[in-house]
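This report refers to the structure that appears directly beneath it.
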Amino acid sequence: MPRPNDFSAATALEGRSILRVADLSADEIRAVLALARTLKADYRPFRDALSQRALVMLFEKPSLRTRVSFEIGFQKLGGCVTFLDHRNEPIGVREPVADYGRNLERWCDVIVARVFRHETLVGLRDHCRIPIVNALSESAHPCQALADAQTLVEHGIALESCHLAWLGDGNNVCLSLMELVAIMGGRMTVVTPAGHRPCAKLVGEIQSIAARTGATIALADDPAAIRGADAVYTDAWISMGQTDCPEKIAALRKLSVTPEIMKIAGPNARFMHCLPAHRGEEVVDAVIDGPRSVVYDQAENRMHAQNALLLALLGAINGALPSHPPVDASRSGIVATPA
Ligand code: CP
Ligand code: NVA
């Protein structure tokens, strides 16, 4: 296993696209997280790492965290960013997705896209010679999962032995976390109403990964299954692009994360949410604003984890390696929060 400050395995990511967590190996994830931790401690050695590099962002859906963390993050590394708002005109309407990509690759070094159809990302990746990064599709949110992994580690929870509990809709964020836990060999309990389980085809792929790594991925419909979890995670019941459905809300109501639900998990369980939260629906104020909530650490870590990934995809790790000794972990905010 690589040492905590060893990010050499991330050099293998140069030129690759990341559309889902399963595009990364366990060693690559550990290396990206090690680099993210290094960045978080001190950006100064990396401030010119992406000088003369350009990022184009294509967003078909609204965003706060993803947009701001990519834009500010890339600029902190010395690069420049262009944002193309596709909320009123899906990518591929004015001209084919392939042509879109063939144009963009002539001007920029990496594309970050948030789309309704995962296939749009596949089209860009298959017709571009530059890396494509998924900033959320209907089936995956890999950058969120990387930031969440960084947050778990910071709070003293090892990915290889964590027990992560999911309550709510079996959505894109849930699937990316399932992939992450399956790859890292941990345990995840996904509690959803029977009709709102994650996509069966992707669950099958995730179970194949888990069979190789020794991870345990369990689907359940009773919150009692989350007993002993290190963290309880939830997300919006209706994701962007889904139609509001009163029956779905009614079915999910019993999975709202309340203090009583947190009690089932146990006294040390952290509360996690990718945000935006719908207070009073999937989580109540007492939990999200409570002492065990790490939601703003997750939001902050979006920038560090994504920046680490971008440095790796753009082959900018070695040139940016600080000449001084590895960072002191005590400066990186890696502290376990008392229960
Ligand atoms: N968590 C997340 O992706 O937030 P935004 O939708 O605001 O980008
Ligand atoms: N599942 C949510 C995540 C938002 C960050 C959505 O897709 O809308």
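Excluded from the calculations below are hydrogen atoms, water molecules and symmetry mates; all remaining heavy atoms, backbone and side chain alike, are included. Counting starts at 1 for both ligands and their atoms, in listed order. Counting from 1, the numbers follow the sequence of the chain as shown.
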Next item on the list: Provide the number and element of each atom of ligand 1 under 4.0 Å from a heavy atom of Cys274.
Entry: 1 (N)
Notebook entry, point to check: Which bit of Leu275 is near ligand 1, meaning a heavy atom under 4.0 Å away: side chain, backbone, both or neither?
Noted result: backbone
Note to self: For Arg279, I'd like to know if atom CZ has over 12 heavy atoms of other residues, nucleotides or ligands within 6.0 Å.
What the structure shows: yes
Item checked: For ligand 1, the portion of Lys61 having any non-hydrogen atom under 4.0 Å away -> neither
Check: Would Glu179 and Arg20 pass as an ion pair if we require N to O under 4.0 Å?
Finding: yes
Check: Does Arg114 reach ligand 2 with a nitrogen or oxygen that is under 3.5 Å from one of the ligand's nitrogen or oxygen atoms?
Finding: no
Item checked: Heavy atoms of other groups near Asn88 CG, more than 12 under 6.0 Å -> no
Item checked: Gln298 near ligand 1 by a heavy-atom separation under 4.0 Å -> no
Item checked: Aromatic Phe116 / basic Lys61 pairing, under 6.0 angstrom, 45° off normal -> yes
Check: Quick one: which ligand 2 atoms are inside 4.0 Å of a heavy atom on Asn171?
Finding: 1 (N)
Item checked: Nitrogen or oxygen atoms of Lys61 and ligand 2 under 3.5 Å apart -> no
Next item on the list: Check whether any N or O atom of Leu136, backbone or side chain, sits under 3.5 Å from an N or O atom of ligand 2, and answer yes or no.
Entry: no
Check: Any ion pair linking Arg270 and Glu154 (charged N to carboxylate O, less than 4.0 Å)?
Finding: no
Note to self: Within the 4.0 Å heavy-atom shell around His141, which atoms of ligand 1 are there?
What the structure shows: 2 (C), 3 (O)
Margin query: Considering both backbone and side-chain atoms of Asp235, is one of its nitrogen or oxygen atoms within less than 3.5 Å of a nitrogen or oxygen in ligand 2?
Written below: yes
Check: Closest non-hydrogen protein atom to atom 6 (O) of ligand 1, residue and atom name please, with distance?
Finding: Arg114 NH1, 2.8 Å
Margin query: Distance under 4.0 Å to a non-hydrogen atom of Arg302: what atoms of ligand 1 satisfy this?
Written below: 1 (N), 2 (C), 3 (O)
Item checked: Numbering as shown, the atoms of ligand 1 that approach Leu64 to under 4.0 Å (heavy-atom distance) -> 5 (P), 7 (O), 8 (O)
Check: What protein heavy atom sits nearest atom 4 (O) of ligand 1, and how far away is it?
Finding: Arg65 NE, 2.9 Å
Checklist line | Arg67 to Phe83, cation-pi by 6.0 Å centre distance and 45° axis angle | finding: yes
